[in-house]
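Note sheet for the following structure.
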Amino acid sequence: MKLYDYEISGSCYKVRLLLSMLNLPYEKIAVDFYPGKAHRQPDFLHINPLGQIPVLLDDDLVLRDAQAILLYVAARYDTSSTWYPTDPATQGRIAMWQAFAGGELMQVSAVRLHDMLMGYEHIDADAARSGAYKALAILDQHLAECEMRGQQWIAAAHPTIADIACFAYPALCHDGGIDRSGYHNINRWLRRVRALPGFIVMPGIPAYA
C-alpha cells in the first residue's frame with residue numbers, strides 16, 4: 001500500500017492511525033500541501049482529480065477520501081471484523097458517524113486552515129468556529145448517551161472506524177482556538193482512544209491522556 005500523505009492533515013492522520021492499529025506496512029508518500037500546493041499540480045491531479053489528500057493506492061485500487069479509505073482498509077485487512085463489524089445496524093451507525101466526521105466536524109479543519117496557514121483568509125473563521133462548537137456539542141451529547149447505556153465508543157461496544165474517523169479534529173481543536181474543556185464526554189473518549197494499542201501521535205496531538 002502507498003499513502004499520499006501530509007503530516008499535519010487530520011484526515012491523513014486518520015488513515016495512518018488505523019494502519020498503525022492494524023499493524024499494516026505501507027509506503028508513505030509526502031505531498032507538499034503547504035506551501036508547495038503539490039495537490040494542485042497535474043501529476044497529483046492525475047491520481048485524484050479533486051486535488052485532495054489522503055489518497056491510498058493498494059495494487060490497482062486508487063481510493064480518495066479518508067472515510068472511504070478507513071472503510072476499505074478495515075473491511076479488507078481486519079480479519080477479526082472488529083473495526084468494521086459485519087452486522088448491518090453497526091455498519092449503518094458507522095456510516096452515519098463517518099459522514100459526520102467528513103461533514104460537520106470538518107469545521108474544525110476549516111478553522112485550523114484559516115489560523116495556521118497563509119492563503120486561507122477567505123474562510124469565514126467565525127462561521128466555521130460556530131459550526132465546530134455545534135458539532136462538538138452533538139458528539140458530546142451522543143457520547144453521554146452512550147455512557148449512560150454502558151457503552152464507551154461511538155458506534156459499538158468496542159472501538160470501530162467511527163471512532164478513528166471522529167477522533168482527529170476534536171483532538172486538534174486548540175489549533176483553531178476552539179476551547180474543548182467543557183466537553184467532558186469527548187475528553188474522556190479522547191483519552192480512551194489514546195490508550196488503544198497501536199495509537200500514534202501527530203503534530204498537535206500528544207500521546208498523554
Side-chain angles (χ1 to χ4, degrees), residues 5-21 31 33-35 39 52-54 65-67 69-70 93-94 96-148 151-155 159-196 198-209:
D5 178 73
Y6 182 56
E7 184 67 17
I8 64 171
S9 161
S11 295
C12 292
Y13 170 65
K14 298 176 187 182
V15 179
R16 299 197 306 269
L17 185 55
L18 181 61
L19 291 170
S20 177
M21 289 182 170
V31 178
F33 180 89
Y34 182 88
H39 59 300
Q52 298 171 349
I53 48 174
D65 185 81
Q67 320 315 323
I69 295 170
L70 292 178
R93 288 191 296 270
I94 288 172
M96 178 174 67
W97 286 102
Q98 279 194 293
F100 180 79
E104 288 80 0
L105 278 179
M106 292 302 289
Q107 296 298 317
V108 179
S109 175
V111 178
R112 287 180 76 233
L113 287 172
H114 177 275
D115 287 7
M116 293 176 64
L117 306 180
M118 294 181 61
Y120 289 90
E121 293 82 2
H122 62 282
I123 292 175
D124 186 337
D126 290 337
R129 192 170 284 109
S130 175
Y133 278 118
K134 289 177 182 177
L136 291 173
I138 290 170
L139 178 58
D140 195 71
Q141 179 62 32
H142 172 69
L143 288 166
E145 294 169 358
C146 287
E147 287 194 7
M148 286 188 288
Q151 177 179 312
Q152 295 189 321
W153 305 99
I154 286 178
T160 69
I161 56 173
D163 297 283
I164 301 295
C166 291
F167 175 81
Y169 286 111
L172 290 165
C173 276
H174 55 278
D175 283 348
I178 296 170
D179 181 8
R180 202 187 62 233
S181 60
Y183 298 101
H184 304 298
N185 303 292
I186 288 177
N187 292 329
R188 285 194 297 274
W189 165 73
L190 291 175
R191 290 192 290 270
R192 291 194 290 271
V193 175
R194 284 193 178 97
L196 290 172
F199 178 81
I200 55 173
V201 300
M202 68 163 280
I205 299 182
Y208 63 82

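- With sequence neighbours left out, the salt bridge (charged side-chain N to carboxylate O under 4.0 Å, His left out) criterion links Arg16 to Asp5, Glu7.
- Screening Ile138, Asn185, Asn187, Leu190 for a side chain to side chain contact (heavy atoms under 4.5 Å, CB included) with Leu143, the sole residue that qualifies is Asn185.
- Here the SG-CH2 distance, from Cys166 to Trp97, works out to 6.5 Å after rounding to the nearest 0.5 Å.
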Practice prompt. List the steps, then state whether side-chain contact (heavy atoms from CB on, under 4.5 Å) holds for Met202 with Leu17.
Written response: CA-CA 9 Å; Met202 68 163 280; Leu17 185 55; over 6 Å; no

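- The distance from the CG atom of Asp175 to the NE2 atom of His114 is 14.5 Å, given to the nearest 0.5 Å.
- When every heavy atom of Ile123 is checked against every heavy atom of Ala110, the shortest pair comes out as CD1-O, 3.5 Å.
- At least one side-chain heavy atom of Leu139 sits less than 4.5 Å from a side-chain heavy atom of Pro170.
- Here Leu172 contributes atom CG and Ile8 contributes atom CD1; the two are 9.5 Å apart, rounded to the nearest 0.5 Å.
- Listed for the Arg180 side chain is no donor-acceptor partner under 3.5 Å among the backbone atoms of His174.
- Annotation for Leu196 and Pro159: closest pair CD2-CG, 3.7 Å, computed over non-hydrogen atoms.
- Judged purely by distance below 3.5 Å, without hydrogens or angles, the side chains of Glu145 and Gln141 pair a donor atom with an acceptor atom.
- For the pair Ser11 and Ala66, the tightest heavy-atom approach, listed with the atom from each and the gap, is O-CB, 3.6 Å.
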Practice prompt. Under the ring-ring contact (aromatic ring centres under 6.0 Å, His included) rule, what do Phe199 and Phe167 come out as? Steps first, then yes or no, please.
Written response: CA-CA 11 Å; Phe199 178 81; Phe167 175 81; 5.8 Å; yes

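- The nearest pair of heavy atoms linking Ala155 to Arg93 is O-NE, 2.9 Å.
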Practice prompt. Go through the steps for Asp65 and Gln52 under the test side-chain contact (heavy atoms from CB on, under 4.5 Å), then give the verdict.
Written response: CA-CA 8 Å; Asp65 185 81; Gln52 298 171 349; 5.7 Å; no

Worksheet item: Step by step, would you call Thr160 with Trp153 a side-chain contact (heavy atoms from CB on, under 4.5 Å)?
Response: CA-CA 8 Å; Thr160 69; Trp153 305 99; over 6 Å; no

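- With hydrogens and angles left out, the side-chain atoms of Asp163 and Trp189 include a donor and acceptor closer than 3.5 Å.
- Judged as a side chain to side chain donor-acceptor pair (under 3.5 Å), and not counting sequence neighbours, Asp124 has no contacts.
- Asp179 is linked by a salt bridge (charged side-chain N to carboxylate O under 4.0 Å, His left out) to nothing, counting only residues two or more places apart in sequence or in another chain.
- The structure places CD1 of Ile154 at 10.5 Å from CD1 of Ile94, a figure rounded to the nearest 0.5 Å.
- Nearest heavy-atom pair, Met21 versus Ile164, reported as atom, atom and distance to 0.1 Å: SD-CD1, 3.6 Å.
- The side chain to side chain donor-acceptor pair (under 3.5 Å) pairs that include a residue from residues 126-139 are Asp115-Arg129, where partners are two or more places apart or lie in different chains.
- The side-chain contact (heavy atoms from CB on, under 4.5 Å) check on Ser109 picks up Met106, Leu113, Tyr169, with sequence neighbours excluded.
- For the pair Lys14 and Leu70, the tightest heavy-atom approach, listed with the atom from each and the gap, is O-CD2, 3.6 Å.
- Using a 4.5 Å heavy-atom cutoff, the side chains of Pro54 and Ile69 are in contact.
- Remark: Gln152 engages no residue in a side chain to side chain donor-acceptor pair (under 3.5 Å) (not counting sequence neighbours).
- Atom CG of residue Leu19 and atom CD1 of residue Ile200 lie 8.0 Å apart, to the nearest 0.5 angstrom.
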